[in-house]
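Position 1 is the first residue of the sequence, and the numbers go up from there.
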Amino acid sequence: MCRINIPVGRSSFPDIRQNSYYFIDKGGLIKELLKQMEQMEHR
């Protein structure tokens, strides 16, 4: 089984690239969360 490096708390993209970490883009998740919150406010 291979080990996967996940950079929890790292924000430097060059650091992530140089250390072969995986990068997980959560931008779409944040957008969906904000959309759901807006819908809940209008109920």
Side-chain angles (χ1 to χ4, degrees):
M1 184 178 214
C2 110
R3 183 177 178 174
I4 297 174
N5 292 321
I6 300 174
V8 176
R10 304 267 179 154
S11 60
S12 167
F13 195 71
D15 180 46
I16 291 169
R17 297 275 299 165
Q18 290 170 357
N19 291 299
S20 300
Y21 292 133
Y22 279 80
F23 176 78
I24 302 168
D25 182 2
K26 294 176 252 164
L29 179 63
I30 293 169
K31 181 179 176 182
E32 185 62 31
L33 177 63
L34 292 173
K35 188 167 115 181
Q36 288 179 8
M37 289 172 63
E38 182 180 303
Q39 290 173 352
M40 290 176 66
E41 288 177 357
H42 289 87
R43 287 184 180 179

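For residues 22-43, every residue pair satisfying the ring-ring contact (aromatic ring centres under 6.0 Å, His included) rule, not counting sequence neighbours, is listed here: Phe13-Phe23.
Lys31 is linked by a side-chain contact (heavy atoms from CB on, under 4.5 Å) to nothing, counting only residues two or more places apart in sequence or in another chain. Residues satisfying the side-chain contact (heavy atoms from CB on, under 4.5 Å) criterion with Asn19, sequence neighbours excluded, are Asp15, Tyr21. For the side-chain contact (heavy atoms from CB on, under 4.5 Å) test, no residue two or more places apart in sequence or in another chain qualifies with Glu41.
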Pair Glu32-Lys35, side chain to side chain contact (heavy atoms under 4.5 Å, CB included): steps then yes or no: CA-CA 5 Å; Glu32 185 62 31; Lys35 188 167 115 181; 3.9 Å; yes

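Residues Met37 and Leu33 have side chains in contact (heavy-atom distance under 4.5 Å, counting atoms from C-beta outward).
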